[in-house]
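Notes to accompany the following structure.
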Amino acid sequence: MQIYNSYTDSLEEFHSIHPGKVNMYVCGPTVYNYIHIGNARPVVFFDTVRRYLEHKGYAVRFVSNFTDVDDKIIQKSLDENIPELELSSFYIHAFLQDIESLNCKTDYTQPKVTEYMDPIIKYIKNLVDNGYAYEVDGDVYFRVSKIQDYGKLSNREVDDLISGSRVEINEQKENPLDFTLWKKTDQGLKFDAPYSLGRPGWHTECVVMIDDIFGEEIDIHGGGSGLKFPHHENEIAQAEATHHHHVARYWMHNGLLNFKDTKMSKSLGNVILVKDVLEKMALRYYLLSTHYRAPLVFTDEVFQMYITEWEKLENTYKSVFYKLDLSEKMIPTIEIKNPEIKQEMNHFDIAMDSDFNTANAITALQAILKLANINIRKNNNEILLNEILKALNYMTDVLGLKIDANRISEADRDIYHKWQQARKDKNYDLADTYRKVLMEKGIL
RNA sequence: GGACCCUUAGCCAAGUGGUAAGGCACGGGACUGCAACUCCCUCACCGCCGGUUCAAAUCCGACAGGGUCCUCCA
């Protein structure tokens with residue numbers, strides 16, 4: 001399996017540090033609002049990565065944080081007169097609900113900044129003690145000049161960064177690139193550190209959580225490409241300073257989602273919230289339709305197209321499923337022997353092995369759909385249809401595309417047979433009545 | 001001002017040196033009690049110009065258009 005490593009900017013063969021295990025961390029949301037569909041992209045994608053790794057037999061330890069201490073949370077808390085913790089807790093639940101509706105697994109480790117204050121403060125103190133950070137009037141800054149490779153991940157020269165800097169020069173910093181580890185404050189949630197009453201900068205939490213939970217270099221660190229600089233660069237710098245080892249072996253960054261001409265972002269206000277999208281699985285399908293490193297453009301026209309494609313997948317899947325279930329010929333334990341199906345299964349895995357090329361994986365899925373539709377109206381091919389169903393189950397499970405199909409009850413089976421009989425009898429009024437019931441139940 | 005990325009049919013999209021996968025839409029057939037679903041067929045000189053090469057969508061350079069980062073943002 002190959003993974004594109006953003007750190008080296010190249011495709012690399014994937015070898016986990018511990019055989020059979022993968023430790024991965026994905027930067028999670030700052031919880032002060034509902035997430036939009038652009039926020040959902042990394043969540044859906046890395047959930048898919050996890051699913052595929054698990055199907056390959058890895059025991060995956062998946063961690064993603066919640067930033068629940070932040071300026072924007074404070075601001076919103078003041079604006080709406082709601083305590084910060086209440087606010088963040090509300091949006092944490094909303095987040096989990098949203099991603100669950102996109103069929104993302106939620107049974108992963110979810111550290112929160114507020115629960116990590118002691119280790120964060122200890123971590124910062126260690127950096128100060130070792131000369132990698134310095135305190136000025138209650139604030140603490142990281143001394144970037146101590147890190148030799150600073151800028152390697154995001155491919156930047158330190159000199160370019162300084163000359164191109166549009167940031168107003170902070171007189172307290174030794175170097176404009178130095179970033180805040182601890183900020184003295186009198187607003188919002190405050191914590192007691194040796195330097196001042198304040199709160200931590202954004203860049204320390206992830207690296208502390210990784211250090212605490214995994215205690216070593218992890219296999220995969222993921223996030224949106226917008227986080228490469230400075231966030232991930234700063235994580236790397238801090239880990240280098242603390243342990244003299246890398247945070248992660250493979251860095252993975254997904255491309256951004258653009259809304260028409262510009263990126264979708266809370267600060268620009270051009271957002272579509274996940275909770276407001278009715279077609280949740282079509283959204284997941286859409287998010288996986290393009291390779292994760294490529295940018296993705298959202299327009300109504302494009303999304304409509306993926307709704308159509310999703311419905312096609314859903315229809316075909318259900319047709320196969322219910323045909324087998326209605327005829328009581330479903331064999332969940334079947335082994336795939338058909339060469340054509342085997343080939344598409346292989347194509348699917350090759351695609352996923354190629355840096356999680358979900359676009360090509362979907363092509364293999366579509367080939368199975370076609371095979372299913374060609375064979376669904378033929379008779380006496382239950383074995384083939386069972387193999388097709390098996391393949392569909394595998395592919396949709398890896399991609400996390402959940403289709404609502406359940407084994408049908410005796411009562412519904414009875415209605416089905418009555419419908420068929422009525423059709424044979426050319427009693428179309430009666431047949432249509434039964435058909436309506438079956439369609440409402442999603443069986444047809 | 002600095003750094004970087006993208007540009008493949010009406011639309012989405014794969015492809016990273018050997019003469020363009022797949023899907024959606026359109027059009028033409030077929031199936032069907034009526035629907036829905038479905039099937040078959042048709043549909044591209046890869047932004048533009050120049051270069052390297054026996055050979056380029058794929059490598060190099062210029063240009064045009066679009067985008068991202070350098071500041072919070074997945």
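Chain A is the first sequence line, chain B the second, and so forth, proteins listed ahead of strands; every chain is numbered from 1.
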Strictly by Watson-Crick or wobble contacts shorter than 3.5 Å, is anything paired with [N], and which nucleotide is it?
N       : value
rA55(B) : none
rG33(B) : none
rG65(B) : rC6(B)
rA44(B) : none
rA20(B) : none
rG1(B)  : rC70(B)

Do the ring planes of Tyr134(A) and Tyr141(A) sit parallel (below 30°), tilted (30 to 60°) or perpendicular (above 60°)? tilted
So [X], base contact, sugar-phosphate only, or nothing? Heavy-atom distance under 4.0 Å.
X         : value
Gly223(A) : sugar-phosphate
Lys228(A) : nothing
Asn360(A) : base
His291(A) : sugar-phosphate

Note: Asp186(A)-Lys190(A) ion pair, threshold 4.0 Å (strictly below):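 Here Asp186(A) does not pair with Lys190(A) in a salt bridge, since their nearest N and O are not under 4.0 Å apart.
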Would you mind checking if Glu174(A) and Arg143(A) are paired as a salt bridge, meaning a charged N to carboxylate O distance below 4.0 Å? yes
With rounding to whole Å, what would you report as the distance between [N] and [M] at their [atom1] atoms?
N       : M       : atom1 : value
rA56(B) : rC73(B) : C1'   : 39 Å
rC37(B) : rC6(B)  : C1'   : 38 Å
rA21(B) : rG15(B) : P     : 14 Å
rC24(B) : rG47(B) : C1'   : 23 Å
rA14(B) : rU8(B)  : C1'   : 10 Å
rC26(B) : rA62(B) : C1'   : 38 Å
rA57(B) : rU52(B) : P     : 16 Å
rG65(B) : rG51(B) : C1'   : 23 Å

Does the ring centre of Tyr34(A) sit less than 6.0 Å away from the ring centre of Phe95(A)? no
Is the Tyr91(A) to Tyr32(A) ring centre distance short of 6.0 Å?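 Ring-ring flag for Tyr91(A)/Tyr32(A): false, centres at least 6.0 Å apart.
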State whether the side chain of Asn39(A) and the backbone N or O of His36(A) hold a donor-acceptor pair below 3.5 Å, judged by distance alone. yes
Specify the separation, in whole Å, of atom [atom1] of [X] and atom [atom2] of [N].
X         : N       : atom1 : atom2 : value
Ile368(A) : rA21(B) : CD1   : C1'   : 16 Å
Arg377(A) : rC40(B) : CZ    : C1'   : 13 Å
Phe229(A) : rU68(B) : CZ    : P     : 18 Å
Lys183(A) : rC72(B) : NZ    : C1'   : 10 Å
Ile350(A) : rA14(B) : CD1   : P     : 18 Å
Phe45(A)  : rA74(B) : CZ    : P     : 18 Å
Asp9(A)   : rA3(B)  : CG    : C1'   : 13 Å
Tyr285(A) : rA13(B) : OH    : P     : 13 Å

For the atom pair CZ (Arg249(A)) and CD (Glu12(A)), what is the distance rounded to the nearest 0.5 Å? 9.5 Å
Looking at Gln2(A), I want to see if its CD is surrounded by more than 12 non-hydrogen atoms of other residues, nucleotides or ligands under 6.0 Å.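 Above 12, so yes.
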Let me spell it out: for each of Thr363(A) and Ile376(A), pick the nucleotide of RNA chain B with the closest heavy atom. Which residue's pick is nearer the 5' end? Thr363(A)
Thr316(A) or Arg293(A): which one's nearest nucleotide on RNA chain B is closer to the 5' end?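 Nearest nucleotide further toward 5': that of Arg293(A).
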Given [options], identify the nucleotide with an atom nearest to the side chain of [X].
X         : options                   : result
Lys370(A) : rG67(B), rG23(B), rC34(B) : rG23(B)
Tyr306(A) : rC70(B), rG67(B), rC12(B) : rC12(B)
Asn357(A) : rC39(B), rA14(B), rA25(B) : rA14(B)
Gln366(A) : rC40(B), rG23(B), rA35(B) : rG23(B)

Between the side-chain atoms of Arg423(A) and the base atoms of rC34(B), is any donor-acceptor pair under 3.5 Å?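 Side chain to base: no pair below 3.5 Å.
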hbond_proxy Asp432(A) side chain to rG33(B) base (donor-acceptor, 3.5 Å cutoff):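 When only heavy-atom distances are counted, Asp432(A) does reach the base of rG33(B) through a donor-acceptor pair under 3.5 Å.
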Determine: side-chain N/O of Trp202(A) to OP1/OP2 of rC73(B), distance under 4.0 Å, yes or no. yes
